[in-house]
Amino acid sequence: MDKNLIIYNSLTRKKEKFEPIKSPYVGLYVCGPTVYGDAHLGHARPAITFDLLYRYLKHLDYKVRYVRNITDVGHLENDADDGEDKIAKKARLEQLEPMEVVEYFTHRYHENMEALNVLRPNIEPKASGHIIEQQLMAEKIIEHGFAYEVNGSIYFDVEKYNEKHDYGKLSGRKLEDLQSNTRQLEGQDEKKNPFDFALWKKAAPEHIMRWPSKWSEGFPGWHLECSTMSTKYLGEQFDIHGGGMDLLFPHHECEIAQSTAANGKESVKYWMHNNMITINGQKMGKSLGNFITLEELFSGNHKLLEKPYSPMTVRFFILQAHYRSTVDFSNEALQAAEKGLERLLKAGKILQQLIAEKESTVNIDELKANCYQSINDDLNSPILIAHLFEAVRFIYLIKEGKEKINAKDLEQLKNLYQTFVYDILGLQEEQSDNSEFTSDLIDMILTLRLEAKKNKDFSTADKIRDELTKKGITIKDTKDGFEWEQN
RNA sequence: GGUCGGUUGGCCGAGUGGUUAGGCAGUGGUCUGCAAAACCACGUACGGCGGUUCGAAUCCGCCACCGACCUCCA
């Protein structure tokens, strides 16, 4: 298998050839969700983007360890001293144990991901399960002189760090600019500088998520969990770190600083960031309150939705845009995606019925090369899909006898479809909720209609078709029979 | 205000110095008892103004508009 993958590295702002640190092993870490609410369309973007990457890396025969965390502690509502953890806040509001909230939304997240055909990562660590490791990492950073303690809390000393290293290299910021631009929040008097960030926070008395430490009863800072868990499972240096663009600063910038401060070296070779999903041109997000949850999307139960959209439609919709572009939500776009996907999948079924001839009039080798070329180019899924629609055209032309295909090419085309449509893009047929009984019944009715047609009783035939159409069954008459499908 | 990115045909969305992206919608045709599906044909778009060039949507400059990050965020 030729390994010619090129990916855009946010750190260098260039496309680079992907070369693992220790081929064939690849370490992949992606920032997962904070489980204090249902996943929305925005969460589907990184999940699907890095699912595509994971699937393709595996296809290239790399041995991938994919780690995606669950953030269940350490997210402050704001950065003020009495900041309350998001999970704890939700728990207090609903009179639940924090872990109850975490379990509930983690399960729902998994259900959504499964519906979207997003593969499970190899390891899905939780921040709460790595408190000791986080404390050890904080200690290491203190030992190296890059953090300081105030009143039982530990803060990262950005200014000190920046003397030897480059804080801001990922996000392209300069410390002087941050100095003047970082927002001053109340209750931050503890910090030497407003841009310093917490590694450990002493818990206020009413704070329910707390762990003992040598400094205080408290909880770890948000940025620390990713550094700790990626190091633990992928080593001090690993290949790819992914996440949403909105995490680039400060989260990933802080991660770089922490790892470098603790281990003395850069931890990540390639940083990858997916762009945002927008709605009416604005970022979809929790804070703006303009999000549509995946649950709502699948059920159609939201005032902005004209109809429900299946998980595969959502997946295809996202894959039709390149991951580094924004993609704007609209009913029209979703419906276009729905139809396009239907065409692509239907052709896949017809492909299985094609009959090989002696010779080929279609160039499958070229098509295959084009598919690889597009996916290799920084996971250009929209171009890949455009090429797959070429395959769709071939399939129908062959079916109609306007083009021919030999056995070897037919086998190749089937492989191509399997590889790219199902394995790499991760698209699949929606499960039909038809029972065998219902299917048989419809077949029976249509057989009767066929007889009516033979007897030139077109009014009966049309009546049956009209009635079934009303029930959402589309009928297609073929030369000597019929086909049908449920909408 | 600082940093970064975007502006493509009715809609979505690629691309990038000279060649049809693709999907959806639309129009005409073929097929069909009629449909549906499919196939064929058709749209010649790149925010504005300058510049570089034989040639720019693609490079450069200015302007306009939109957005992201700078605070939690996928």
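Values in this document were obtained by computation on a predicted structure and should not be read as measured data. Here is how names work: the chains are called A, B, and so on, in the same order as the sequence lines, proteins then strands, and each is numbered from 1.
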Exercise. Can you check whether A:R343 has a side-chain N or O nearer than 4.0 Å to OP1 or OP2 of B:C39?
Worked result: yes

For this session: Using only heavy-atom distances, determine whether the side chains of A:H252 and A:H273 contain a donor-acceptor pair under 3.5 Å.
Result: yes

Problem set entry | Distance test, side-chain N/O of A:K283 to OP1/OP2 of B:C69, below 4.0 Å | yes

Exercise. Using a cut-off of 4.0 Å on non-hydrogen atoms, how would the nucleic acid contact of A:H40 be classed: base, sugar-phosphate, or nothing?
Worked result: base

Exercise. Less than 4.0 Å between a side-chain N and a carboxylate O, is that true for A:R55 and A:D51?
Worked result: yes

For this session: Report yes if a side-chain nitrogen or oxygen of A:N275 is closer than 4.0 Å to either non-bridging phosphate oxygen (OP1 or OP2) of B:A68; otherwise report no.
Result: no

Exercise. What distance, rounded to whole Å, do you find between the two P atoms, one in B:C46 and one in B:U7?
Worked result: 13 Å

For this session: Take atom P in B:A41 and the same atom in B:G22, then report the distance between them in whole Å.
Result: 11 Å

For this session: Take atom CG of A:N370 and atom C1' of B:G15, then tell me their distance rounded to the nearest Å.
Result: 14 Å

Exercise. Could you state the CG-C1' distance from A:N290 to B:G67, rounded to the nearest angstrom?
Worked result: 13 Å

For this session: Rounded off to whole Å, could you give me the CZ-to-P distance for the A:R315 and B:G23 pair?
Result: 21 Å

Problem set entry | Distance, rounded to the nearest Å, where A:K15 contributes NZ and B:U16 contributes C1' | 11 Å

Exercise. So what does A:G42 hit on the nucleic acid, given a heavy-atom distance under 4.0 Å: a base, only sugar-phosphate, or nothing?
Worked result: base

Exercise. With a 3.5 Å cut-off and no angle check, do the side chains of A:T228 and A:Q134 form a donor-acceptor pair?
Worked result: no

Problem set entry | Shortest side-chain distance from A:R173, nucleotide among B:A14, B:G67, B:G2 | B:G2

Problem set entry | Nearest-nucleotide pick for A:K286, side chain only, options being B:G33, B:A74, B:A14 | B:A74

For this session: Would you state whether a donor and an acceptor, one from the side chain of A:D462 and one from the base of B:G33, lie under 3.5 Å apart?
Result: yes

Problem set entry | Separation between the P atoms of B:U16 and B:U52, rounded to whole Å | 26 Å

Exercise. Any donor-acceptor pair under 3.5 Å joining the side chain of A:D477 to the base of B:C34?
Worked result: yes

Exercise. How is the base pairing of RNA chain B summarised as a dot-bracket string, given the Watson-Crick and G-U wobble criteria with both distances under 3.5 Å, [ ] for crossing and | for another strand?
Worked result: (((((((..(((.....[...))).(((((.......)))))....(((((..]....))))))))))))....

For this session: Would you tell me whether A:T278 and A:N280 have side-chain atoms, one donor and one acceptor, within less than 3.5 Å of each other?
Result: no

Exercise. If we take the C1' atom in both B:C60 and B:G67, what is their distance in whole Å?
Worked result: 24 Å

Problem set entry | Nearest-Å distance once atom P is located in both B:U19 and B:A57 | 10 Å

Problem set entry | salt_bridge(A:E16, A:K14) N-O dist < 4.0 Å | no

For this session: Identify whether any heavy atom of A:K339 sits under 4.0 Å from a base atom; if not, whether one sits that close to sugar-phosphate; answer base, sugar-phosphate or nothing.
Result: sugar-phosphate

Exercise. Atom CD1 of A:I475 and atom C1' of B:U32: how far apart are they, to the nearest Å?
Worked result: 15 Å

Exercise. With no angle test and no hydrogens, is the base of B:A36 tied to the side chain of A:R465 by a donor-acceptor pair under 3.5 Å?
Worked result: no

For this session: May I ask you to say whether A:D462 pairs ionically with A:R465, meaning some side-chain N is under 4.0 Å from a carboxylate O?
Result: yes

Exercise. What does A:L247 touch in the nucleic acid at a heavy-atom separation under 4.0 angstrom: a base, only the sugar-phosphate, or nothing?
Worked result: sugar-phosphate

Exercise. With a 4.0 Å cut-off on heavy atoms, is A:Y396 in touch with a base, just the backbone sugar-phosphate, or nothing at all?
Worked result: sugar-phosphate

Exercise. Does any donor-acceptor pair link the side chain of A:R393 with the base of B:C39 at a separation under 3.5 Å?
Worked result: no

Exercise. Base, sugar-phosphate, or nothing: which does A:K453 touch, judged by heavy atoms less than 4.0 Å apart?
Worked result: base

For this session: Looking at every strand, decide which applies to A:M276 at a 4.0 Å heavy-atom threshold: base, sugar-phosphate, or nothing.
Result: base

Exercise. Considering only the P atoms, how many Å lie between B:U3 and B:G61, rounded to the nearest integer?
Worked result: 15 Å

Problem set entry | A:E111 bridged to A:R108 by N-O distance under 4.0 Å | no

Problem set entry | Counterpart residues, side-chain contact (heavy atoms from CB on, under 4.5 Å), relative to A:P121 (two or more places apart) | A:Y66, A:R68, A:E124

Exercise. Rounded to the nearest Å, what distance is computed from the CG atom of residue A:L344 to the P atom of nucleotide B:A38?
Worked result: 13 Å

Exercise. CG of A:L178 versus C1' of B:G1: gap in Å, rounded?
Worked result: 14 Å

Exercise. Do A:Q320 and A:S381 have side-chain atoms, one donor and one acceptor, less than 3.5 Å apart?
Worked result: no

For this session: Name the closest nucleotide to the A:K476 side chain, picking from B:G67, B:A74, B:A37.
Result: B:A37

For this session: Determine the interatomic distance between P on B:A25 and the same-named atom on B:A37; round to the nearest Å.
Result: 9 Å

For this session: Could you check whether A:L397 gets within reach of a base, just the sugar-phosphate, or nothing at all, counting any heavy atom under 4.0 Å?
Result: sugar-phosphate

Exercise. Which is true for A:V30 with a 4.0 Å heavy-atom rule: it touches a base, it touches only sugar-phosphate, or it touches nothing?
Worked result: nothing

Exercise. Can you say whether the rings of A:W271 and A:H241 are parallel (under 30°), tilted (30 to 60°) or perpendicular (over 60°)?
Worked result: parallel

For this session: Provide the distance between the two C1' atoms, one in B:G29 and one in B:C63, to the nearest whole Å.
Result: 48 Å

Exercise. Could you state the CD-P distance from A:E225 to B:A74, rounded to the nearest angstrom?
Worked result: 12 Å

For this session: For A:S325, answer base if it contacts any base atom (sugar-phosphate contacts may also be present), sugar-phosphate if it contacts only those atoms, and nothing otherwise; contact means non-hydrogen atoms under 4.0 Å.
Result: sugar-phosphate

Exercise. With a 4.0 Å cut-off on heavy atoms, is A:A386 in touch with a base, just the backbone sugar-phosphate, or nothing at all?
Worked result: base

